[in-house]
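Here the structure comes first, spelled out in structure tokens, and everything after it is commentary.
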Amino acid sequence: MSKKLKKIHITLITVAVVAVILGSLYLFDVVRAKSFKLELCSLTTEAGDALEAFPADGRMRICIAIKLTDSSGKPVSGHTVTLLADGSGTIINGGQMCNAQSDSEGMVYYKYVAETYIEDEYIVWSPTPKFKVIDVSNSVFFEVNAKTEFIIPLTAP
């Protein structure tokens, strides 16, 4: 075999080995992410009332409770869980994004205020803001995370 062919052969083997290693690391993170589950437990007012829809008045704080469990349903503590909001409101202490640690019961708590704003003399608000919840602690090699999504039904202010 010529030197040129040997070099090509070694290069191809190296590329194949690197691809297998990277694929294995990615698969590890995919399997790990699937071993955690995020679940919306409750949406309530600060007084603890569960409403069918919350007023988008810029004052009411909506309490969001999320639970993180492992594949056997046991609570997972100490994970960083990120809440991302897509709507015309604010997550208290975070704006459109907020990180929190899961407690010993696997619970993470956030507060959200649905807001309105004036645009061309009209009151504007998002009737169903969308939220993404991501467990950012479970990826080891690649950004593959356990996640879930939900909406909060709102009513006009």
Review point. Same cluster for I13 and I21 if Ile/Leu/Val/Met/Phe/Trp/Tyr side chains link at under 4.5 Å?
Key: yes
Practice item. For L154 and I62, run side-chain contact (heavy atoms from CB on, under 4.5 Å): C-alpha distance rounded to whole Å, both residues' side-chain angles, the deciding distance at 0.1 Å, then the answer. Key: CA-CA 10 Å; L154 301 176; I62 302 167; 4.0 Å; yes
Check your understanding: Are the side chain of Y112 and the backbone of G89 linked by a donor-acceptor contact shorter than 3.5 Å?
Key -> yes
Exercise for review: Identify whether M60 and F131 are in the same connected component of the hydrophobic contact network (ILVMFWY, side-chain heavy atoms under 4.5 Å).
Suggested key: yes
Check your understanding: Rounded to the nearest 0.5 Å, what separation is found between the SG atom of C63 and the CD1 atom of I92?
Key -> 9.5 Å
Review point. If two hydrophobic side chains count as joined below 4.5 Å and joins carry through other members, does M107 share a cluster with V81?
Key: no
Review point. Given side chains that start at C-beta, do those of T80 and Q101 come closer than 4.5 Å, heavy atoms only?
Key: yes
Check your understanding: Got a sec, which residues hit side-chain hydrogen bond (donor to acceptor under 3.5 Å, both in side chains) with T45, two or more places apart in sequence or on another chain?
Key -> none
Review point. What distance separates D70 CG from F36 CZ, expressed to the nearest 0.5 Å?
Key: 7.0 Å
Check your understanding: Got a donor-acceptor contact below 3.5 angstrom from the T90 side chain to the V113 backbone?
Key -> no
Check your understanding: Below 4.5 Å, heavy atoms only, C-beta onward: do T148 and L40 meet side chain to side chain?
Key -> no
Exercise for review: Answer whether the closest heavy-atom distance between the side chains of D49 and T44 falls below 4.5 Å.
Suggested key: no
Review point. Is there a side-chain contact between V76 and D135 (heavy atoms, below 4.5 Å)?
Key: no
Exercise for review: Return the minimal non-hydrogen interatomic distance between L84 and M97, and the atom names on each side.
Suggested key: CD2-CG, 3.2 Å
Review point. Which atoms form the tightest heavy-atom contact between S77 and D103, and what is the distance?
Key: CB-O, 3.0 Å
Practice item. Mind checking the OH-SG spacing from Y109 to C98? Nearest 0.5 Å is all I need. Key: 15.0 Å
Exercise for review: Mind listing the closest non-hydrogen atom pair of P75 and S104 along with its distance?
Suggested key: CB-O, 4.0 Å
**Study point:** Inter-residue atom distance L51.CG - I152.CD1, 0.5 Å rounding
**Key:** 11.5 Å
Point to revise | Residue pair F150 / I66, side-chain heavy-atom distance below 4.5 Å | key: yes
Check your understanding: Can you name the nearest heavy-atom pair linking K67 to C41, along with the distance?
Key -> CB-SG, 3.4 Å
Point to revise | Nearest-0.5 Å distance that lies between atom CG in D86 and atom NZ in K132 | key: 8.0 Å
Study note, to complete from the structure: OG (S72) and NZ (K74) are apart, to the nearest 0.5 Å, by 4.5 Å
Review point. Is the shortest heavy-atom distance from the side chain of I64 to the side chain of L43 under 4.5 Å?
Key: yes
